[in-house]
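The next block holds one structure in the form of structure tokens; read it before the comments.
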2 protein chains.
Amino acid sequence: MGGGRGVTIADVASRAGVAASTVSYVLSGKRSISPETAQRVMDAVAELGYHPHAGARSLASRKAGVIAMMLPLRHGMHLPVLMQFASGAVTEARRHDQDVLLMTADEGPAGLARVAASSIVDGLILMDVEVRDPRVEALRRLGLPSVLIGFPAEAEGLTCVDLDFSAAGRECAEYLIGSGCREVALLGASEAVYERRTGFAERVRSGFLKRGLERGPDVRAEARPCPDDPVSVQRTVKELLAARPALDGLAVHNEPAVPHVLHALADAGRSVGEDFHVVVIGPDEVAERVHPQLPSVLVPAERLAEIAVGHLMRKLGGVEVPDSTLVEPQLTIRLFERDPVLLEPGERVDLLAVDADLEVQMRSGGVPGRAGQ
Amino acid sequence: MGGGRGVTIADVASRAGVAASTVSYVLSGKRSISPETAQRVMDAVAELGYHPHAGARSLASRKAGVIAMMLPLRHGMHLPVLMQFASGAVTEARRHDQDVLLMTADEGPAGLARVAASSIVDGLILMDVEVRDPRVEALRRLGLPSVLIGFPAEAEGLTCVDLDFSAAGRECAEYLIGSGCREVALLGASEAVYERRTGFAERVRSGFLKRGLERGPDVRAEARPCPDDPVSVQRTVKELLAARPALDGLAVHNEPAVPHVLHALADAGRSVGEDFHVVVIGPDEVAERVHPQLPSVLVPAERLAEIAVGHLMRKLGGVEVPDSTLVEPQLTIRLFERDPVLLEPGERVDLLAVDADLEVQMRSGGVPGRAGQ
DNA sequence: CTGTCGTGTCGAAGCGCTTCGACGGACGGA
DNA sequence: TCCGTCCGTCGAAGCGCTTCGACACGACAG
């Protein structure tokens with residue numbers, strides 16, 4: 001352990017032949033320094049491999065250069081989505097020269113008080129905010145600059161970012177109707193989820209149903225919750241088909257249920273992609289790892305993270321940001337098991353007309369394929 | 001933003017009627033303080049909600065109270081496993097009163113140099129270490145206390161922790177043979193994985209094959225790599241069955257392939273769980289979300305994280321830790337789609353004898369069901 | 001009764017950085 | 001020519017904490 005003694009600003013200063021404060025000003029740009037001096041300083045910094053001591057900096061400047069990210073690491077929430085979120089947040093934070101401290105939600109309000117009081121972070125991103133979330137209250141009391149992912153009941157004066165779940169529900173209905181379906185249903189999460197965070201699941205449902213209503217009397221739409229164990233999924237789908245024999249479209253907002261839904265539909269003799277359409281609200285992998293691959297609306301976790309971090313940086317810089325930011329959902333359709341095609345919000349595809357030509361046309365039509373994600 | 005001015009150690013001191021240094025000693029326990037004084041100080045701390053300023057503390061004590069965790073957040077690696085890992089690490093670190101800074105692997109060696117030089121962290125956990133990993137070299141040069149998850153080529157003088165993948169391969173072979181299989185195969189990851197990190201996939205393979213050999217001439221074992229797209233999986237399984245018509249057991253070390261393997265086997269008329277046995281190396285969800293549910297060996301991410309953090313804490317405290325720690329794999333069998341049963345390493349179940357009685361017997365026999373995970 | 005030790009507490013000296021006020025010199029306007 | 005400005009740089013004063021040495025004070029041995 002150990003290693004060479006740390007390089008301090010004094011070392012840099014003496015090597016560059018200037019005062020320590022000058023080095024500081026070169027590095028921060030807070031006062032103008034002549035180009036020649038600045039260059040000498042930068043050279044010294046590079047030669048010595050100088051990095052300012054984070055603690056000293058935070059003590060003197062009252063800025064830690066670190067933001068906290070509180071994730072619900074224990075249960076619930078889809079893990080991969082969280083990971084994408086974390087990834088996006090770290091990447092974006094580093095772009096702003098900030099580091100990210102990872103906290104678990106089970107540190108709760110006390111954890112927030114701790115990081116706030118110890119000035120270990122400058123701000124905070126709170127994920128998976130629930131409708132009645134004790135952390136939100138604590139946050140308000142602490143006055144720590146923050147951005148929430150999700151919407152609590154009292155969003156007054158808080159900065160919140162989330163996917164526009166209502167629009168996601170609407171997109172799904174729209175997709176199914178556009179594919180020629182006339183009797184559609186939303187298979188949701190278990191009732192427990194609806195109770196826990198009205199926001200989220202509820203918004204999908206209302207968006208979905210509303211679009212069905214708008215469309216007029218030739219379309220029937222309904223929604224029903226569904227537990228996510230295989231047996232319940234099978235049963236729920238069977239009941240649904242029994243009650244609505246003409247059902248020809250299904251939106252599934254329940255990740256683990258997807259494969260079982262397909263099984264149940266196959267058992268019932270429906271041919272997905274031909275006389276029946278299914279669309280998923282969930283991560284790409286869920287929609288890709290079934291046969292046939294399904295169109296889906298995903299939670300754009302990296303995007304949300306970027307926006308959240310960006311907002312937080314602006315708040316730290318004293319810039320105003322909107323209280324509420326809703327991210328438009330994007331529907332990815334998957335044709336012939338090939339590369340996915342991304343639709344812009346509002347863009348429509350009449351799947352009855354889909355054929356190889358269309359696929360090519362859409363690809364070359366400037367609609368970007370998803371690269372990273 | 002803002003909020004009340006921060007409470008400092010001086011505030012606590014004056015309220016308790018002692019010197020600041022006394023408060024410090026009470027909090028750190030580095031000098032003996034009379035019980036009465038200590039109590040007064042603790043009361044003042046609680047009343048004022050005092051938390052020491054992290055920067056000041058790190059500046060004065062040369063300890064940050066933070067460890068870094070560098071994860072391969074971009075691609076590859078199974079995301080849920082990473083998340084479990086992160087969760088375990090944060091939880092364990094908090095137990096030691098440390099915070100966790102999250103870094104992405106694409107910050108690379110420069111990122112390590114940065115955090116080391118700025119004293120922003122006391123130590124480091126490096127995940128998903130590859131055989132030839134440039135970060136390892138940097139780490140050695142920096143002399144930053146660290147623990148690696150995975151084994152690089154030159155592990156000399158480094159602390160490494162990992163699942164005993166060879167034992168995992170052995171367990172799988174053992175399970176299949178114990179289930180009555182006589183011709184078994186390992187379906188691995190794509191060849192690219194084998195090339196990238198010889199450690200990991202290769203160790204599973206050799207453990208699997210070795211167990212097959214040991215068992216003697218009545219058992220045949222082979223291994224073959226397999227890409228993870230659905231079409232290749234189907235093809236690979238078909239080829240395998242064509243070449244080895246008597247094949248009756250398969251270990252799958254390729255998460256996305258699992259559902260497709262089952263499809264291919266069904267297409268070929270094999271009845272999994274009856275005349276054919278399949279075991280998975282991968283996360284629980286992968287083995288649970290197929291029909292029938294499969295036995296599996298998982299990467300015990302939380303466990304690894306705990307061990308890694310524990311080792312790091314010990315190193316920071318100047319205590320010796322073993323260079324190499326291999327965690328025993330555990331095979332989880334899943335009977336009748338009910339709760340999973342966990343086998344101790346070495347424990348065996350003759351699946352030919354499995355029936356409802358055995359299930360009950362195993363449950364009550366003190367073999368714990370998995371709770372959290 | 002004096003000297004010696006321990007125990008509990010205090011004061012002061014930094015840790016490495018940022019930032020404020022000051023200052024010397026160049027420059028332009030009067 | 002002199003003075004006011006502005007620019008580039010410096011020195012010093014903290015930021016809030018830990019830690020070292022010093023110092024009372026009572027206990028105890030000589």
Side-chain angles (χ1 to χ4, degrees), chain A residues 4-42 44-45 48-66 97 114-122, chain B residues 2 4-42 44-45 48-66 97 114-120 122:
Chain A
R5 279 252 46 68
V7 179
T8 74
I9 200 172
D11 300 329
V12 176
S14 76
R15 181 170 243 261
V18 298
S21 51
T22 303
V23 175
S24 178
Y25 286 124
V26 170
L27 260 28
S28 70
K30 294 193 178 173
R31 281 198 186 174
S32 67
I33 297 288
S34 72
E36 304 81 45
T37 307
Q39 190 57 55
R40 282 213 317 287
V41 169
M42 293 311 285
V45 165
L48 298 176
Y50 169 72
H51 289 271
H53 186 289
R57 185 200 276 262
S58 114
L59 181 56
S61 71
R62 329 195 117 264
K63 291 185 168 40
V66 180
D97 252 296
R114 180 177 66 85
V115 295
S118 65
S119 299
I120 198 178
V121 300
D122 299 324
Chain B
R5 281 252 47 67
V7 178
T8 74
I9 200 172
D11 299 330
V12 176
S14 78
R15 180 172 246 259
V18 298
S21 51
T22 302
V23 175
S24 178
Y25 286 124
V26 170
L27 260 28
S28 70
K30 293 193 179 171
R31 281 199 186 175
S32 68
I33 297 288
S34 72
E36 304 80 47
T37 306
Q39 191 55 54
R40 280 213 317 286
V41 168
M42 294 310 287
V45 164
L48 299 176
Y50 170 70
H51 290 269
H53 186 290
R57 185 200 277 264
S58 115
L59 179 56
S61 71
R62 330 196 116 263
K63 291 187 167 52
V66 179
D97 253 296
R114 180 177 67 85
V115 295
S118 64
S119 299
I120 197 177
D122 299 324

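In the text below, chain A, chain B and the rest are named by the order of the sequence lines, each starting its count at 1.
- Straight-line distance from the CD1 atom of B:I9 to the P atom of C:dC15: 19 Å, rounded to whole Å.
- Evaluation of atom-type donor-acceptor distances gives a pair under 3.5 Å for the side chain of A:R31 against the base of D:dT9.
- Residue A:R62 places none of its side-chain N or O atoms closer than 4.0 Å to OP1 or OP2 of C:dT18.
- The base of D:dC20 sits within donor-acceptor range of the side chain of B:Y25, with an N or O pair under 3.5 Å.
- Atom-to-atom, CG of B:D11 to C1' of D:dC15 comes out at 14 Å; the value is rounded to the nearest Å.
- Contact check for A:T22 versus A:I33: side-chain heavy atoms found under the 4.5 Å cut-off.
- Going from atom CZ of A:R57 over to atom C1' of C:dC15 covers 16 Å, rounded to whole Å.
- At whole-Å resolution of the value, CG in A:L27 and P in D:dG8 are 17 Å apart.
- Taking side-chain N and O atoms only, A:S34 has no distance below 4.0 Å to OP1 or OP2 of D:dC7.
- Listed nucleotides: D:dC17, D:dG14, C:dG8. Nearest to the side chain of B:P52: D:dC17.
- Between B:H53 and B:T8, every side-chain heavy-atom pair lies at or beyond the 4.5 Å cut-off.
- For the residue pair A:S21 / A:S24, no side-chain donor-acceptor distance below 3.5 Å is found, with atom types taken as modelled.
- B:T37 comes within 4.0 angstrom of sugar-phosphate atoms only, judged by non-hydrogen atoms across all strands, and of no base.
- The nearest whole Å value for the distance from the NE2 atom in B:H53 to the P atom in D:dG14 is 17 Å.
- Closest to the side chain of A:L59, from the set D:dC17, D:dC10, C:dG16, is C:dG16.
- When each of B:V23 and A:A60 is assigned the nucleotide of DNA chain D bearing its nearest heavy atom, the one mapping closer to the 5' terminus is A:A60.
- For the OP1/OP2 pair of D:dG16 and a distance below 4.0 Å, the side-chain nitrogens and oxygens of A:S119 include no atom meeting the criterion.
- Between B:T22 and C:dC10 there is a side-chain polar atom (N or O) within less than 4.0 angstrom of OP1 or OP2.
- Heavy atoms of A:S24 sit under 4.0 angstrom from at least one base atom.
- Between A:K30 and C:dT18 there is no side-chain N or O to OP1 or OP2 distance below 4.0 Å.
- Across the protein-nucleic acid pair, B:L48 atom CG and D:dG16 atom P stand 15 Å apart, rounded to whole Å.
- In this structure, A:S58 reaches neither bases nor backbone, as no heavy-atom distance under 4.0 Å exists between it and the strands shown.
- With contacts defined as side-chain heavy-atom distances shorter than 4.5 Å, the pair A:L27/A:V45 qualifies.
- Residues B:Y50 and B:D11 have side chains not in contact (no heavy-atom distance under 4.5 Å, counting atoms from C-beta outward).
- Contact annotation: B:Y50 reaches the phosphate of D:dC17 (side-chain N/O to OP1 or OP2, under 4.0 Å).
- For the OP1/OP2 pair of C:dT18 and a distance below 4.0 Å, the side-chain nitrogens and oxygens of A:S21 include no atom meeting the criterion.
- At least one side-chain heavy atom of B:V18 sits under 4.5 Å from a side-chain heavy atom of B:V41.
- Backbone-only contact: A:T8 has heavy atoms under 4.0 Å from sugar-phosphate atoms and none from a base.
- Spacing between atom CD1 of B:I33 and atom C1' of D:dT19 amounts to 13 Å, rounded to whole angstrom units.
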